[in-house]
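Just so it is clear, the model here is predicted, and its values are computed rather than measured.
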Amino acid sequence: MGKPAMKIDAHIHSFFDETTLFQSYPKRTEVDLLAYLDENDMDMAIMLPIVPYDRNETVREICQKYPDRLIGYCSIHPTFFRANDETLPQLRLRQYVIIEKFRGLKIHPRLQQFSLKDPRVYGLLYEAARLNIPVVIDGVTQGSYLPITENDLREI
């Protein structure tokens, strides 16, 4: 018999930052997070921030502290950059993955309020493909300020 399969919770949030979107949830500590994994028989978890509500730095620090339990994804708002250089989101992603060792990307069109049809989104996704990292895209359309045609995952 082989060894048992590893159990990974593929979608957790830190609830550590005071800016978190999840203000109604009680703040967590590292001990709480590890206890959650243990109580649910999870070997590891993927931590997914949503900027500007959560900080990539917070995710990086906790994941570096517990690399055997946590996998950190970064979050980039693809249309937030106001500079003329439209490669800024791609350059930021390269920094996060190559230098800061994030393992994937999370984007959230509804909460970050951008259209999936925006060319800057495609540039960021192409860069993720070049870096060979997974991308998590929130696909919930209810509650979005965007028309459904702007937030439809079939666009990707």
Legend entry - Donor-acceptor side-chain pairing of S75 and Q112 below 3.5 angstrom: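 There is such a pair (donor and acceptor under 3.5 Å, judged by atom type) between the side chains of S75 and Q112.
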Legend entry - Under 3.5 Å side-chain donor-acceptor pair for T29 and D32: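 Result is yes, a qualifying pair exists.
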Under the salt bridge (Lys or Arg N to Asp or Glu O under 4.0 Å) test, which residues partner [X], sequence neighbours left out?
X    : answer
R94  : E127
D41  : K7
E100 : R60

Inset, instruction - Would you sort out whether I46 and L48 count as a side-chain contact (heavy atoms from CB on, under 4.5 Å), showing the intermediate values? - result: CA-CA 6 Å; I46 298 173; L48 303 169; 3.7 Å; yes
Can you tell me how far the [atom1] atom of [X] sits from the [atom2] atom of [Y], to the nearest 0.5 Å?
X    : Y    : atom1 : atom2 : answer
Y96  : N56  : OH    : CG    : 4.0 Å
L124 : I76  : CG    : CD1   : 5.5 Å
I8   : L37  : CD1   : CG    : 11.0 Å
I107 : F114 : CD1   : CZ    : 4.0 Å
M44  : I12  : CE    : CD1   : 10.5 Å
Y126 : Q90  : OH    : CD    : 11.5 Å

Inset, instruction - Please test D9 against N40 for side-chain contact (heavy atoms from CB on, under 4.5 Å), starting from the C-alpha separation and ending with a verdict. - result: CA-CA 9 Å; D9 184 328; N40 290 283; over 6 Å; no
Inset, instruction - Group every Ile, Leu, Val, Met, Phe, Trp and Tyr by side-chain heavy-atom contacts under 4.5 Å, then state whether M42 and V136 land in the same group. - result: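 No, separate clusters.
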Inset, instruction - Report yes or no: do I62 and V51 belong to one cluster of Ile/Leu/Val/Met/Phe/Trp/Tyr joined by side chain heavy-atom distances under 4.5 Å? - result: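 I62 does not cluster with V51.
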Inset, instruction - Output yes when D38 and R69 qualify as a salt bridge under the 4.0 Å nitrogen-oxygen rule, no when they do not. - result: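 Yes.
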Determine whether [X] and [Y] make a side-chain contact, defined as any pair of heavy atoms from C-beta on separated by less than 4.5 Å.
X    : Y    : result
F102 : I71  : no
H11  : K106 : yes
P109 : I137 : yes
L111 : D138 : no
K65  : E30  : yes

Inset, instruction - Kindly state each residue pair satisfying salt bridge (Lys or Arg N to Asp or Glu O under 4.0 Å) with at least one member in residues 42-53, sequence neighbours excluded. - result: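 As it turns out, there is no salt bridge (Lys or Arg N to Asp or Glu O under 4.0 Å) pair with a partner in residues 42-53 once direct neighbours are skipped.
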Legend entry - Exceeds 12 heavy-atom contacts within 6.0 angstrom, atom CG of N132: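 Count not over threshold, so no.
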Inset, instruction - Under the side chain to side chain contact (heavy atoms under 4.5 Å, CB included) rule, collect the residues that match up with V97, sequence neighbours excluded. - result: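 Listed in chain order: L93, L131, I133.
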Inset, instruction - For Y73, enumerate each residue passing the ring pair (Phe, Tyr, Trp, His ring centres under 6.0 Å) test, keeping only those at least two apart in sequence or located in another chain. - result: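 Ring pair (Phe, Tyr, Trp, His ring centres under 6.0 Å) check on Y73 returns nothing, list empty.
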